[in-house]
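Lettering of chains follows the sequences in order, A, B, ..., and the numbering in each one begins at 1.
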Amino acid sequence: MRRKHVMEMIAGYTFMMPFIVSISVFLLGPLIFAFIISFKNFSFLNPEAATWVGFKNYVQLFRDPVFRRALLNTALYSSIVTPVQLAIALILAVILDQKIKGRTFFRLAYYIPTVTSPVAVAVIFLYLFKADGLVNTILAKFGIQGPVWFNSVRFALPSIMMMAIWSSVGTYMVVFLAGLQDIPAELYEAAEVDGASGIQRFFYITLPVLRPVVFFNLIISLIGTFQVFDQAYVVSRGEGGPLNATMTVVLFIYRQGFREFNMGYASAAAFVLFIIILILTLIQRKIFREETS
Amino acid sequence: MKGKIFSIVLVSILIITLIAGCSSKPQNTGGEAQTQEQKTEEKVTLKVGIWSSSPAEKKIVEDQLAAFKEKHPNIDVQIETIVGDYMQKMQTLIASKTAPDIFYLDSMPAPQLMSAGVLEPLDEYITKYNIDIEDFEPALLEAFKWEGKVYGLPKDFNTLVLFYNKDMFEQAGLSEPLRTWEELRQYATKLTKDKVKGIVLNNELARYQVFVNQNGGTVFKDGKPTLDLPENIEALQFYTDLILRDKAADTPQNLGVGWNGDAFAEGKAAMAIEGGWMIPFLKDKAPDLKYGMAELPAGKQRATMAFTVAYVMNRNSQHKEEAFQLLNFLTSQEGQKYVVESGLALPSRKSMMARFKETYPERAPFVDSASYSVPFQYGLVGQKLVDEANKACEAVIMKQVNSAKEALEKAQKALQQ
């Protein structure tokens, strides 16, 4: 009996081996290494010359106006994109959960942007929103002189927000849709017998039952928006411009690490981002748990 | 409970075997390197790291290498083309000690690499092989010197000249070449029509610095940024005034294009300040466009920017002698023949420039402006200085500050933090 147990365990761990190996080589290892070098004055060009600098990288980060701007931009981006895209995704999911004509077509249509490469999306948006692009041509028909969207201090970040919302709504919609289909029809039937209106049914049945799904989407969306990079990179050609208007935390990390060769400093910034995301996730978890219990 | 302890032990054994498996690898490669060294007398394989901006550029290197292999049958050379962000990839190759024996290096990140000690100083080999180093354009060679030592030999370069649209000049009744800032302003104003701007100007230091230097200013001196000198302020003010006050110029973004070249090719601007890369671009994008090239108009003095790339040697190369022979061949008169023939960039040797002018007489302005060019390089401050200077110009054009003075003072302060 015992022997069989041991054999089973060996077999089990052997099957897990590829995962354990890959995660320790490609995830845990680099993670620990990055944590160590975040306390060093580290450059890949000359790793041997790296010296310990304690918390200097972290202190310097919060004095760095570009990093502070990046944090602000990212927070702003996240606090607008997350609620808006979740709201739109939920509305779309509820609509597409009804028995309407062409349901499959619409589900597909809303999901397509998600499987499109963000770089391709960014390039297309650059065309749509350029000085004499489609958007400004249409605006001009109404007598409005459109801005140069991606090259305007005021409009660059909102333009990226629009792009992100459009391109990622599909993912969250699909998850909501799956959640909606799990809600037992009896609940709605009972509510109907009690004379609940459509809106009441949504707020008193759909939303409460959907709570875990909403939580899941919220976390994923928040993490995703805090890590925004590709759109900002393509739109500003890796500069974060105009005037740092599209500088995000991850873009800042990339530029420090690979353009200015300050890998230690970049790692410190990465850990600050990690801690921010961790704290936000913990707060959300607490709120959702309290409300459920 | 017992099962748990057992599983922990098992997992740690697995991890230890894994780590052991990994750590035995370097020993292996060490062994390989040794056997390779023994083979040195017989056959050597070198790697050349390049980026490839176009098939034509890669062909130059391939042709050069073919010629080199004929002379040195015992040396085999492989090209390692790096796609994507060159310095990003090169940085990891250097860190993992797998960088090619010799590789391209742009003047901009050169100080970081030279000071980090990852490159082999070439002085010893230069003396040993009796290389005529005086033949290289001094400004270019200077970009690859660090603390008195030479770390790279420039392979080619490009300077900024004035591209002008001949048809638009004719229509505006302009025939004389422009020589001064004042003429530039007049010409640009005359050439500006409803949908066409006189000149396209971007917000990059790599372009407006020519005006700074022409005005007797400098943005970087003795290892320190000097963005807020009065001469610099005056130059940036002139540059941005062309856009804001005279309305004779605009940025590529405001013209709805990606860069200066697009604006010029699409006829949205009559003039542009760009380098030799414009020629193949225009041939491709606007084959019917009639354009001319001229040296930049001068301010108090003549000045332009030089963008140069050198071949440098990896300090960890296993075959430094052979690597230098290759490096020397690629930058020698014989190697540069291929550069001249392609016309993609200018040869870095003075002795080859005359030949370039003969082959491409209309491209003489590039060669003529070489002697007063300043390389695009700012010591260890590097990219930071460029970022701040770009933002200063951007801020003036976007009217986020009131004057060039305010913008440059702010940028200088940011750099001194």
Side-chain angles (χ1 to χ4, degrees), chain A residues 2 5-6 8-10 12-14 16-17 20-21 24-25 28-29 42-49 60 63-66 123 126-127 129-133 136-137 147-154 156 233 237-245 247 254-263, chain B residues 2-3 6-7 10-11 13-15 17-19 21-22 85 87-97 108-109 112-119 195 203-204 250-259 268 380-384 386-388 390-392 394-395 397-401 414 417:
Chain A
R2 252 192 87 88
H5 183 67
V6 172
E8 259 178 13
M9 252 180 52
I10 290 175
Y13 280 106
T14 316
M16 274 159 65
M17 217 36 208
I20 296 174
V21 170
S24 40
V25 171
L28 279 177
F42 186 94
S43 160
F44 265 138
L45 295 177
N46 197 357
E48 285 85 13
Q60 201 190 332
R63 285 199 190 130
D64 190 333
V66 181
V123 170
L126 273 177
Y127 264 93
F129 283 84
K130 67 180 193 162
D132 52 358
N136 281 355
T137 313
V148 185
W149 297 85
F150 288 115
N151 197 45
S152 146
V153 179
R154 201 181 302 159
Y233 180 86
R237 295 167 189 230
E239 304 287 339
L243 297 173
N244 290 333
M247 181 64 82
Y254 169 79
R255 289 182 61 81
Q256 284 297 331
F258 294 110
R259 292 273 173 90
E260 297 184 23
F261 310 108
N262 298 324
M263 203 48 92
Chain B
K2 229 176 186 181
F6 181 76
S7 62
L10 196 64
V11 170
I13 289 172
L14 287 173
I15 288 176
T17 358
L18 180 81
I19 292 168
C22 283
D85 191 325
M87 280 318 293
Q88 179 185 344
K89 182 85 191 293
M90 198 45 85
Q91 210 183 138
T92 40
L93 288 178
I94 289 169
S96 60
K97 305 212 185 321
M108 186 65 182
Q112 267 88 357
L113 271 78
M114 294 190 287
S115 66
V118 292
L119 303 180
K195 287 222 156 177
N203 50 35
E204 284 167 32
D250 218 334
T251 61
Q253 289 89 351
N254 287 339
L255 294 171
V257 294
W259 66 293
K268 289 180 172 174
L380 292 173
V381 188
Q383 190 65 40
K384 262 202 175 74
V386 179
D387 285 351
E388 289 300 335
N390 287 355
K391 270 183 238 160
E394 208 167 28
I397 295 174
M398 294 187 164
K399 294 178 187 155
Q400 300 291 311
V401 293
Q417 267 181 351

Is it the side chain or the backbone of Lys195(B) that comes within 4.5 Å of chain A heavy atoms, both, or neither?
neither

Portion of Lys268(B) that has a non-hydrogen atom of chain A nearer than 4.5 angstrom
side chain

Nearest 0.5 Å, what's the [atom1]-[atom2] distance between [X] and [Y]?
X: Lys384(B); Y: Arg255(A); atom1: NZ; atom2: CZ; value: 10.0 Å
X: Arg259(A); Y: Met108(B); atom1: CZ; atom2: CE; value: 10.0 Å
X: Asn203(B); Y: Glu239(A); atom1: CG; atom2: CD; value: 9.0 Å
X: Leu255(B); Y: Lys130(A); atom1: CG; atom2: NZ; value: 10.5 Å
X: Asp85(B); Y: Tyr254(A); atom1: CG; atom2: OH; value: 3.5 Å

For Glu388(B), the salt bridge (charged side-chain N to carboxylate O under 4.0 Å, His left out) test, sequence neighbours excluded, returns Lys391(B)

Do you know which two heavy atoms are closest between Met398(B) and Pro242(A), and how far apart they sit?
CE-CB, 3.4 Å

Exercise: identify the closest heavy-atom pair between Met87(B) and Phe258(A):
CB-O, 4.5 Å

With chain A, which of Gln112(B), Gln91(B), Met90(B), Gln400(B) has the greatest number of heavy-atom pairs at distances under 4.5 Å?
Gln91(B)

Sorted by chain and number, sequence neighbours left out, side-chain hydrogen bond (donor to acceptor under 3.5 Å, both in side chains) with Gln256(A) holds for Asn262(A)

Toward chain B, the part of Met263(A) with a non-hydrogen atom under 4.5 Å
side chain

Is a donor on one side and an acceptor on the other found under 3.5 Å between the side chain of Glu394(B) and the backbone of Leu243(A)?
yes

Is any side-chain heavy atom of Phe261(A) closer than 4.5 Å to one of Gln383(B)?
no

